[in-house]
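What you see below is based on every heavy atom in this structure, not just the backbone, and it leaves out hydrogens, waters and symmetry mates. Below, chains carry the letters A, B, ... as their sequence lines are ordered, and counting in each starts from 1.
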Amino acid sequence: MRTLRRYKEGLFNSSTAQIYCRKFSAIGNAKADRPRDQECLVWLRTSATHISLLHQILQSSARTGAPMEGKACHAQSICVGLQSDTLTSNMLINMYSKCGLHNCARKVFDEMPERSLVSWNTMIGSLARNGEEQEALSVFVRMQREENQFSEFTVSSVLFACAAKCAVSECKQLHAFAIKVAMVLNVYVGTALLDVYSKAGLIKDASFVFESMPERSDVTWSSMVAGYAQNGLYEEALVLLHRAQMIGLEHNQFTISSAICACAGLAALIEGKQVHAFIGEAYTVFQGMEDRNTILWNAMISGFSRHACSLEVMILFEKMQQAGMLPSEVAYISVLTACSHMGLVESGRKYFNLMITEHNMSPNFVHYACMVDMFGRSGLILEAHNLIENMPFDATASMWGSLLASCRIHGNFHLAEIAAKHLSEIEPNNAGNLILLSNIYAANNKWEEVARTRKLLKESELKKERGKSWIEIKDKVHSFMVGERKHPRIAEIYSKLDQLVEKLRMMGYKAEIEHDLHYVEESRKHELLRHHSEKLALTFGLMCLPSNAPIRIMKNLRICGDCHSFMKIASSCLGREIIVRDTKRFHHFKNGFCSCQEFW
DNA sequence: CTAGGGTTAG
């Protein structure tokens with residue numbers, strides 16, 4: 001503090017002030033509740049008339065994300081008559097934005113008498129990075145309306161906002177514009193552009209942008225790797241990663257976590273033997289990383305979690321803490337899921353409580369969903385229901401759906417009715433819920449209710465999305481609808497399928513018609529189930545692929561319980577590996593078992 | 001003074 005006094009007494013020139021400034025920003029990093037720091041702030045409010053010092057403090061405040069000094073600078077800048085100074089205002093906007101106070105930034109922006117290109121850019125970037133994407137786009141529109149020129153900075157920020165909103169049409173317009181004025185050549189613009197495309201699922205466009213970029217930074221490479229991984233193109237992700245290594249690019253946290261994600265995803269697609277090899281490979285890379293941050297740990301933990309390697313999840317979760325990391329919300333999702341998979345109710349309870357008491361977190365709805373699922377699967381249906389009723393959020397459709405599923409397994413019709421009612425309220429457009437509800441009434445002989453629900457269903461004219469599966473054979477995709485008629489070899493497929501069903505029936509397969517939710521006779525239900533698209537795709541795969549090749553099927557809906565049992569028995573009876581990717585996960589059937597362990 | 005990338009269930 002002696003330094004401070006001497007500065008106040010005017011004993012320092014501006015270069016000494018700079019040294020002091022660095023000290024000050026170090027203080028800013030620490031908690032500002034000690035008397036010394038308070039003294040600094042008081043001094044700042046009253047004495048900082050040195051403009052360059054003011055600016056430097058603003059910069060350090062922006063860097064450290066600590067608004068305390070920045071706010072004092074704001075007050076001071078007004079005192080010394082800097083409120084109409086564009087440079088100072090720009091720095092204020094930047095500082096507030098970096099501290100997450102975008103409303104304060106906006107206020108400064110709105111009150112500026114003259115706005116420069118940097119002011120607009122900073123404001124748009126601030127809104128985009130603080131979750132106000134729509135507002136960022138509006139400001140951009142206003143910027144154009146007021147006939148301001150914009151720059152690469154503007155475009156990359158606007159694209160960033162587009163990425164969060166998956167705003168493809170805006171992105172395409174900007175892309176066209178960027179090509180016209182040669183802005184695509186800018187690394188930032190190009191990277192932001194490919195990121196929007198890959199987040200919107202247009203991975204081909206993303207890779208086109210990537211390949212045509214004249215210059216790529218490490219961010220460009222890892223964006224592209226991440227893009228492939230997020231779009232399920234795990235192999236491409238790993239190939240690109242290899243390419244990045246070849247040109248001598250160093251791995252960083254971003255590429256590694258995408259790599260782990262890609263390994264975990266790819267492993268699910270490949271035969272059992274290689275599953276562990278891939279996850280093992282990812283784990284080796286992970287262990288080789290010098291400083292592992294939270295996201296990296298999470299990526300590794302959830303990589304194991306996705307493979308139902310629950311034990312590894314729990315071990316890694318503990319190791320993470322031993323390494324001095326605080327488990328994040330995401331890590332807790334993985335560990336709770338692991339408990340649910342293994343039926344470890346007590347451990348689940350323990351972790352859930354630990355999260356609240358030890359780590360001061362408030363569980364979000366996903367954590368609650370894990371708990372509901374865990375209780376339900378273990379037959380603690382009342383406890384599951386209790387949790388749903390007493391949690392601090394509205395229950396989601398998936399929670400009621402999970403409760404309903406456990407009610408059906410454990411035969412609790414009363415709660416099933418409650419769950420189904422809630423489900424059809426939350427998702428009034430989902431015909432499946434109404435059909436479920438009516439089936440429950442039917443099972444309880446509540447015929448009046450059945451009639452009422454049926455009427456409701458007819459009135460709403462809701463339609464379920466039709467089931468569709470597809471299988472790739474020799475570079476050609478063959479797709480099958482439920483009860484497919486158009487495929488050129490359909491007659492042969494049906495007759496082969498009949499033979500297969502007969503064979504499996506001898507091995508103990510029994511059609512589970514409760515999984516068919518149509519209003520039809522039982523015999524018709526058998527027929528509908530038999531013609532589910534994944535069964536058709538499987539039959540066609542058996543006809544076309546070599547006898548030892550695994551069969552990979554993709555499906556647009558969730559696999560039904562009957563097909564799931566069917567695939568399990570088929571895998572042991574035919575000695576084939578069958579992999580079904582439905583909307584949520586991979587089911588890897590082998591020797592009569594499924595990798596999901598009845599969890600989906 | 002201003003811009004781009006990674007993890008999460010059902």
Side-chain angles (χ1 to χ4, degrees), chain A residues 55-56 58-59 62 85-95 97-98 105 116-126 128-129 150-163 183 186-196 198-199 213 216-227 229-230 237 251-262 264 293-303 305-306 328-337 340-341 364-374 396-402 405 558 582-585 599-600:
Chain A
H55 286 177
Q56 287 192 48
L58 274 177
Q59 286 299 90
D85 176 59
T86 310
L87 178 59
T88 308
S89 297
N90 287 348
M91 291 173 110
L92 279 168
I93 297 170
N94 182 38
M95 180 275 298
S97 155
K98 295 277 160 64
S116 69
L117 174 61
V118 175
S119 322
W120 288 95
N121 289 347
T122 315
M123 192 63 239
I124 291 171
S126 162
R129 255 171 300 102
F150 56 89
S151 67
E152 287 96 332
F153 283 80
T154 332
V155 174
S156 72
S157 290
V158 175
L159 283 171
F160 178 83
C162 290
M183 261 188 204
N186 178 293
V187 198
Y188 288 86
V189 172
T191 307
L193 196 55
L194 82 82
D195 190 49
V196 188
S198 71
K199 288 219 168 80
M213 279 170 77
R216 303 183 190 105
S217 69
D218 59 333
V219 181
T220 318
W221 284 93
S222 50
S223 302
M224 197 60 236
V225 172
Q230 284 159 0
H251 276 314
N252 59 40
Q253 313 259 7
F254 293 91
T255 52
I256 292 298
S257 62
S258 292
I260 290 171
C261 172
N293 66 13
T294 313
I295 292 186
L296 206 48
W297 278 96
N298 289 343
M300 196 65 240
I301 292 178
S302 39
S305 170
R306 236 200 272 184
S328 68
E329 294 192 340
V330 177
Y332 266 111
I333 291 172
S334 295
V335 84
L336 289 175
T337 309
S340 176
H341 278 222
N364 66 24
F365 76 95
V366 183
H367 299 110
Y368 277 96
C370 290
M371 294 301 281
V372 168
D373 210 67
M374 182 185 78
T396 62
S398 77
M399 293 180 199
W400 287 116
S402 146
R558 245 178 54 165
D582 67 10
T583 38
K584 197 48 218 169
R585 60 170 300 144
F599 183 88
W600 81 94

B:dA3 OP1/OP2 closer than 4.0 Å to side-chain N/O of A:K98: yes
hbond_proxy A:S156 side chain to B:dA3 base (donor-acceptor, 3.5 Å cutoff): yes
Partner set under side chain to side chain contact (heavy atoms under 4.5 Å, CB included) for A:S119, not counting sequence neighbours: A:T86, A:N90, A:F109, A:M112, A:R115, A:S116
Of the listed nucleotides B:dG4, B:dA9, B:dC1, the one nearest the side chain of A:T191: B:dG4
side-chain N/O A:N94 vs B:dT2 OP1/OP2, d < 4.0 Å: yes
Touch class at under 4.0 angstrom, heavy-atom based, for A:Y188 against every strand present: base
Nearest listed nucleotide, side chain of A:Q230, among B:dG5, B:dA3, B:dG6: B:dG6
Gap between atoms CH2 and P, on A:W221 and B:dG6 respectively (whole Å): 17 Å
Minimum-distance nucleotide to A:S398 side chain [options: B:dG10, B:dA3, B:dT2]: B:dG10
A:N293 side-chain proximity, nearest of B:dA9, B:dG6, B:dT2: B:dG6
Any A:R129 side-chain N or O less than 4.0 Å from OP1/OP2 of B:dT2: no
A:V118 side chain, from C-beta outward: closest of B:dT2, B:dT7, B:dG4: B:dT2
Presence of donor-acceptor pair under 3.5 Å, side chain of A:T220 and base of B:dG4: yes
B:dG5 pyrimidine/purine six-ring stacking with A:F254, under 5.5 Å and 30°: yes
Protein-nucleotide distance (A:D218, atom CG; B:dG6, atom P), rounded to Å: 13 Å
Any A:R306 side-chain N or O less than 4.0 Å from OP1/OP2 of B:dA9: no
Between B:dA9 (P) and A:N298 (CG): distance, integer Å: 11 Å
Value in whole Å for how far the P atom of B:dA9 lies from CE of A:M399: 14 Å
Student check: side-chain heavy atoms of A:S156 and A:L159 closer than 4.5 Å: no
Sugar-phosphate only, base, or nothing, as touched by A:A226 at under 4.0 Å among non-hydrogen atoms: sugar-phosphate
A:F153 side-chain proximity, nearest of B:dG6, B:dA3, B:dT8: B:dA3
Selection from B:dG5, B:dA9, B:dC1 that lies nearest to any side-chain heavy atom of A:N252: B:dG5
Protein-nucleotide distance (A:D373, atom CG; B:dG10, atom P), rounded to Å: 6 Å
Test applied, side-chain contact (heavy atoms from CB on, under 4.5 Å); reference residue, A:V330; option that passes from A:N298, A:V366, A:V335, A:I301: A:N298
Candidate pair A:S402 and A:M374, rule side-chain contact (heavy atoms from CB on, under 4.5 Å), full reasoning: CA-CA 10 Å; A:S402 146; A:M374 182 185 78; over 6 Å; no
Sugar-phosphate only, base, or nothing, as touched by A:T122 at under 4.0 Å among non-hydrogen atoms: sugar-phosphate
Sugar-phosphate, base or nothing in reach of A:T396, heavy atoms under 4.0 Å: nothing
Pair A:N293-A:L296, side-chain contact (heavy atoms from CB on, under 4.5 Å): steps then yes or no: CA-CA 5 Å; A:N293 66 13; A:L296 206 48; 3.3 Å; yes
Spacing of A:L194 atom CG relative to B:dA3 atom C1', expressed in whole Å: 14 Å
Side chain of A:S258 - closest among B:dG6, B:dT2, B:dA3: B:dG6
Full working for side chain to side chain donor-acceptor pair (under 3.5 Å) between A:T220 and A:S217: CA-CA 5 Å; A:T220 318; A:S217 69; 3.1 Å; yes
Minimum-distance nucleotide (side-chain atoms of A:Q59 versus B:dT8, B:dC1, B:dA3): B:dC1
Which residues share a side chain to side chain contact (heavy atoms under 4.5 Å, CB included) with A:N186, sequence neighbours left out: A:E152, A:Y188, A:V189
Length of the CD1-P vector between A:I295 and B:dT7, whole Å: 8 Å
Among B:dT7, B:dA3, B:dC1, the one nearest A:N90 by side-chain distance: B:dC1
Touch class at under 4.0 angstrom, heavy-atom based, for A:V225 against every strand present: nothing
For atom OH of A:Y332 and atom P of B:dA9, their distance in whole Å: 17 Å
Sugar-phosphate, base or nothing in reach of A:S302, heavy atoms under 4.0 Å: sugar-phosphate
Under-3.5 Å donor-acceptor pair between A:T255 side chain and B:dG5 base: no
